[in-house]
Amino acid sequence: MSSIDLTTVRPAVQAIVHAYHGKSTHLLQMLWRVQEKYSYIPELAIDSLAGELNLPRAQIAGVAGFYSFFHQQPRGQYDILFSDNIIEQMQGKVELMAYMLKKLGVQCGQPRPDGRVTVDNTSCIGMSDQGPAILINGHTIARLTKSRIDTIVDLINYQVTLAEWPKEFFEVHSNIQRKHILLGGYFEAGSALQVMLKKGADLSLAELGHSGLRGCGGAGFKTESKWLICRNTPADEHIVICNADEGEPGTFKDRILMQRYADLMFEGMTLCGYIINAKKGFLYLRGEYRFLLESLEAVLDRRRKDGLLGDNILDTPGFSFDIEIHLGAGGYICGAEIALIESIEGNRGIPRRRPPPFPVTQGYLGKPTVVNNVETFALATKVMVDGAERFNTLGTAQSKGTKLISISGDCDRPGIYEFPFGITVREVLEACGAQEVQAVQNSGAAGYCISPEEFDRRLCFEDLNTTGSFMIFNRTRDLMDLVRNFANFFVHESCGFCTPCRVGTSLLQQYIEKFVSGNGNAYDLQEMATLSHLIKTTSHCGLGMTAANYVQDTMKKFPQLYQKRFKSGSSLSPSFDLDAALNEARKLTKRTDASAHL
Amino acid sequence: MAKKLRVATASLAGCFGCHMAFLDIDEQLLELLKYIEFDRTPLTDIKHCGPCDIGILEGGLCNAENVHVLQEFRDNCKILIALGACSLNGGVPAMRNNFTLQECLEESYLNAIGAENPHIPDDPEIPLLLNKVHPIYEVVKIDYFLPGCPPSGDAIWAFLSDLLAGKTEIKLPHQLLHYD
Amino acid sequence: MTQYDITIDGQKVSFTEGQTIMDAALAAGIYIPHLCHHPEFAPHGSCRVCTVTVNGRNTTACNTRAMPDQVVLNNTKELEATRRAIVQMLFVEGNHLCPGCEKTGNCQLQAIGYYVGMLTPHYTHFYPIRAVDASHPDVAIDFNRCILCELCVRASRDADHKNVFALSGRGLKTHLIVNSPTGKLADTNFAVTDKAAQVCPVGAILHKRQAFVIPIGERLYDRQPINLVGDLAQSNPQGATTHG
C-alpha cells in the first residue's frame with residue numbers, strides 16, 4: 001500500500017484551514033479537502049486540525065467518525081461505492097457488484113493490497129431511475145452494465161485518471177417525463193426577484209400565503225408562516241438553508257431540479273433572504289450529489305456576475321444575499337433539519353436539540369433560520385413569477401399546486417413526473433406504464449408500503465402524504481427483499497443517539513434475517529410487532545419514529561410474506577445458526593465427525 | 001395427595017453455584033420433596049431426562065453438548081426455568097466472547113506456560129466449543145427466569161413456592177432480585 | 001415566580017416556567033427512572049428510560065417542558081414494559097456481566113433493571129468486542145459497559161472544561177473516545193477528582209483501588225431500590241469516590 005508522506009500533512013492542513021478562514025463551522029468541508037488529498041483522514045490530520053482550530057481532537061475525530069463518506073483508514077486510489085437501493089438490487093446490482101469484485105480481485109470494503117481500489121456499498125445515491133449506479137471518488141456513474149464494468153476495471157488497472165475516462169460514463173440523465181407549472185415554461189433568472197422587489201416583501205409574502213405553498217420535505221408546514229415567523233424573530237442575523245439532502249431511497253427529484261433548474265432554487269432562496277432579512281444562505285448538498293458541485297458553483301458565479309447575488313442585488317440598496325454550498329458526507333439523518341443544522345455548524349449530524357425552539361426561531365448558530373427543501377424554494381420562485389392563482393387553482397383543499405414524484409422500479413417509463421396534488425396512486429401507475437403491481441413504496445424507506453387495495457388513494461397532505469419517492473414492485477418481486485434492504489438501511493443510517501433506534505433497528509434486522517433464513521415463526525412475528533411499536537413510540541426523532549414503518553406496513557398488508565416463511569413444528573428456533581456456531585472449532589480441530597455438527 | 005411433580009436439573013456452562021444455592025434452601029428441601037421428585041439431576045445420576053413437569057437449567061451455552069442437553073430439556077419439560085446469570089447472559093464464561101475462539105484455544109493449549117505437547121484437543125469425545133457463549137433463551141423458549149450469581153436460596157425458594165402454588169406471573173421483591 | 005400545575009399519575013405537581021417534567025417530578029419527590037439525566041447538566045434525552053405519557057403521547061420527561069394542565073402518566077404497566085425493553089436493549093448492546101463488575105450494587109442501569117422488574121435481557125446479545133483502558137493511574141475505563149449517556153462528555157466539557165471525552169462512530173458503532181492522540185486516558189489531563197469521574201451511571205468509568213471498599217451485598221442498591229434512594233451521585237455527593 002502506498003503510504004503518505006506525513007511531513008506534508010501539517011502544512012496541507014494549515015492551508016486548508018486558512019482557505020476556510022479558520023472557521024470551525026466548515027469542519028466538514030475541511031475534512032473533505034483532507035480526504036481528497038490522502039484518500040482518508042490520517043490521525044495526524046486530526047491532530048493538526050485540532051491545533052489549527054483550537055478544538056479538542058476527539059471532537060474532530062468524532063465528526064470524522066460519524067459520516068459514512070469519511071474514512072479513517074486508507075482507501076483505494078479509486079474508491080467505489082455501489083448504491084444499495086432495493087430498486088438497484090432489482091436492476092442487477094448484486095450480481096454486477098460481485099462481478100466487479102471478482103474482476104478487480106478485491107474484497108468488499110477492503111482496499112486491494114496494492115492500494116489501487118476499494119469497492120463497498122452505500123445507501124441510495126438518487127439514481128434509481130437509471131441504476132445500478134456507483135460513486136467513484138465521489139463522482140456518479142449510472143446505468144452500469146457488465147461491459148461498462150469491464151471498461152472500468154481496465155481503466156483502474158491501467159491507472160487512468162478519472163478525467164480521462166469516457167465522458168459518457170459520467171452522464172446523468174434527467175428523465176423528465178411530465179412537466180407542469182414547476183418544470184414547464186421558460187424561466188428568466190432574476191424575474192422573480194424583480195416581481196418581488198416591485199411588490200415589496202409584505203405583499204410577496206402574502207402572495208406566497210395565497211398560493212397555499214407548503215413545505216415539500218414531508219412535514220408540509222406552510223411556507224408563508226415559516227418565513228413570517230423567522231422574519232418576526234428579532235436577531236442580528238437571519239439564515240436561509242436549502243435542504244438538498246434528499247436521502248430517502250428512491251427519490252431523485254431534487255437532483256433534477258439542481259441539474260436543470262438550479263436558478264429556480266437559488267432564486268427562491270434569495271427571495272426568502274430578502275423577505276426574512278437574511279444575508280446568508282446555505283445549500284446543504286448531499287455528498288452523494290458531489291458531481292453537481294461544479295455546475296452549481298458555476299450557476300452561483302453567474303448569478304453574482306448578473307447582480308442576482310452579492311451586495312445590492314438588482315441595484316437595490318441594502319439587498320445583500322449570498323449562498324454558500326456545504327457538501328454533506330453521507331448521512332441520511334442530515335435530511336432532518338435539526339441534524340442538518342448541526343452538520344452545517346461542523347458537528348456530528350445528531351438531532352441533539354429537541355424542539356421547541358424550532359430552527360425558525362433558533363437555528364444555525366442560534367439564529368432564526370428558514371430551512372426549506374429544494375422543491376419548496378423552486379416553487380416559491382414560480383409562485384412569484386406566475387402568481388398565486390395559477391398555483392392554488394391546482395390540487396386539493398389542503399394541498400395546492402403540484403408535486404414532483406420520482407418514479408422508479410417496475411414500470412416502462414421511470415423518471416420525474418410533475419402532477420397536481422390529489423392524483424391517485426392508480427393514475428400515477430398508469431402514467432408511468434406500470435403493470436401487475438404488487439406494491440408501491442411511497443416516500444422511501446421511512447414512508448408507506450401501499451397495497452393494490454389502496455391504489456385509489458390520493459397523493460396529498462390530507463390522504464397519502466408523499467415526499468416524492470415512488471418505488472414500484474410488480475408481482476414477480478419478493479417483497480422480503482425490500483424488507484431486508486430497508487432493515488439494512490436503517491441499521492446503517494440510525495445516528496445512534498437514542499437507545500430504541502440505535503439498538504432496535506439492529507434487533508429488527510435480526511428478526512428479519514431469521515425469516516429470510518426460514519427460521520422465523522409466529523412468536524418472532526409478535527416480537528417484531530412489539531419491537532416496532534416500541535421504536536416508533538420511544539425514539540428521539542423522526543428517523544426512529546418511522547424506522548419501523550416498513551415492518552408494520554408489510555406485516556399488516558402483506559402478512560403472507562412472513563407466514564409463508566414460518567418454520568414448522570417448533571415453538572422457537574435459535575436466534576443464531578447452531579451448526580455455523582461450531583465452524584471455528586471445526587476449523588481449529590479439523591474434526592469432521594458427526595458430533596462435530598449441530 | 002396429588003401426584004408429585006417431576007423435576008429435572010442440569011448445569012450447562014455454569015459452575016454448579018446455582019445448584020449449591022438450590023441446596024441452600026436447607027430444610028425447605030424436605031418441604032419441597034413433598035411436592036416434587038427428581039428426574040435427571042446431578043444428585044440422581046440419571047443420564048437423560050424423561051418427561052418432566054419442570055426443568056431447571058443453570059449455565060449458558062459454550063459447547064455442542066450444552067446445546068444437546070438444552071434441547072433434551074426443552075423437549076421433555078413442560079416448564080423450563082433459566083436459573084442464574086450465566087443462563088441469562090452467558091455470565092462469566094461469556095467473558096471469552098471478547099476474544100476469538102482461536103485466541104482462547106491458542107492461549108490455553110498452545111501458548112500456556114508449562115504446556116507439554118502443545119496442541120488443540122481434537123478428540124471426538126470432547127464437545128466442540130461454540131464460537132461465542134450464549135444465554136439459553138437465544139436457542140429455546142424459556143418460561144421463567146431467575147437472575148443472580150447465584151440467586152440466593154431465599155430467592156429460589158420464594159420462586160419455587162410461588163410456582164408450585166400455581167402463580168403464573170412471579171415477581172420477586174427488591175431484596176431477592178439481584179443480577180450479581 | 002408563577003406556579004403552575006401538572007398531574008403525574010393523578011397527583012398534582014407544581015412547576016415554574018422553564019422547568020421540565022423531570023425537574024418538576026424530582027422537586028416533588030416523584031421518581032421517574034433515568035440514566036442519561038443529571039440535574040446539574042443540560043437535559044440530553046438519549047437513553048429514553050424516562051419515557052412518560054403526556055396527554056396520550058409518549059415523550060421523555062427530561063427534555064419535555066412542563067406545561068400547565070399536562071396529564072402525565074409515569075407509573076403504569078405499559079410504561080414499565082416500555083422502560084424494561086429499553087433497559088434490555090442497553091444490556092444486550094454492551095457486555096454487562098454484573099457478577100464480574102466492581103460497580104455492581106452501585107450501578108444505575110442494574111438498579112433500574114430491578115426497578116422495572118427485568119428478569120432477563122430478552123433480546124439477542126450483540127457481544128461487541130470492546131477494549132479496557134487501564135492506562136490512567138487512578139481511573140480505568142471499561143468500554144464494555146458504556147451506555148453512551150454522554151454524562152462524562154458533558155461533565156468534562158461543561159464542569160471540568162477539559163473536553164476529555166467525545167463520541168465517535170454512528171448507529172450501533174457509536175462509541176466513546178478519549179481526547180488524546182493515543183486514545184488513552186493516561187495521555188489526557190484527566191484527574192480522578194474531575195466531575196467527569198463521578199458521573200458515570202454504570203461501571204464504565206471506575207476509580208482504581210476502590211473496588212471492594214463497600215462489600216458486595218451492602219451497596220446502595222443492594223440495600224434499597226433506586227426509586228427510594230435516587231441516583232448514586234445524589235445519594236452520596238461527597239463520597240462518590242468510594243462508590244466501589
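Since the model is a prediction, treat every value here as computed from it, not as a measurement. Below, chain A is the first sequence line, B the second, and so on; all start at residue 1.
- The distance from the CD1 atom of I142(B) to the NE2 atom of H122(C) is 12.5 Å, given to the nearest 0.5 Å.
- Taking the six-membered ring for Trp and thresholds of 30 and 60 degrees, Y179(B) and F91(C) have ring planes more than 60 degrees apart, a perpendicular arrangement.
- When the shell of 6.0 Å around CD of E27(B) is examined, it contains more than 12 heavy atoms from other residues, nucleotides or ligands.
- Neither the backbone nor the side chain of L176(B) has a heavy atom closer than 4.5 Å to any heavy atom of chain C.
- A heavy-atom distance below 4.5 Å is found between the side chains of D222(C) and H178(B).
- With chain C as the partner, the residue from P135(B), A85(B), A94(B), C149(B) showing the most heavy-atom pairs under 4.5 Å is P135(B).
- Atom CD in Q175(B) sits 12.5 Å away from atom OH in Y114(C) (nearest 0.5 Å).
- Contact count versus chain B (heavy atoms, under 4.5 Å) is highest, among G100(C), C98(C), P225(C), for P225(C).
- In the displayed structure, Y109(B) atom OH is contacted under 6.0 Å by at most 12 heavy atoms of other residues, nucleotides or ligands.
- Atom NZ of K208(C) has more than 12 heavy atoms from other residues, nucleotides or ligands within 6.0 Å.
- Heavy atoms of E138(B) lying under 4.5 Å from chain C belong exclusively to its side chain.
- Residues T120(C) and P147(B) fail the side-chain proximity criterion, which asks for heavy atoms closer than 4.5 Å.
- If you take CG on D180(B) and CZ on R219(C), they are separated by 8.0 Å, rounding to the nearest 0.5 Å.
- For chain B, the nearby part of N144(C) is the side chain; its heavy atoms alone come within less than 4.5 Å.
- Shortest non-hydrogen contact noted between R223(C) and H174(B) is C-CE1, 4.2 Å.
- Separation of atoms CG (L88(B)) and CE (M118(C)) is listed at 8.0 Å; rounding is to 0.5 Å.
- At least one side-chain heavy atom of H125(C) sits under 4.5 Å from a side-chain heavy atom of N89(B).
- Atom-to-atom distance recorded for I129(C):CD1 and T100(B):OG1 is 7.0 Å, nearest 0.5 angstrom.
- Top candidate by heavy-atom pairs under 4.5 Å with chain B, chosen from L97(C), V92(C), N95(C), is L97(C).
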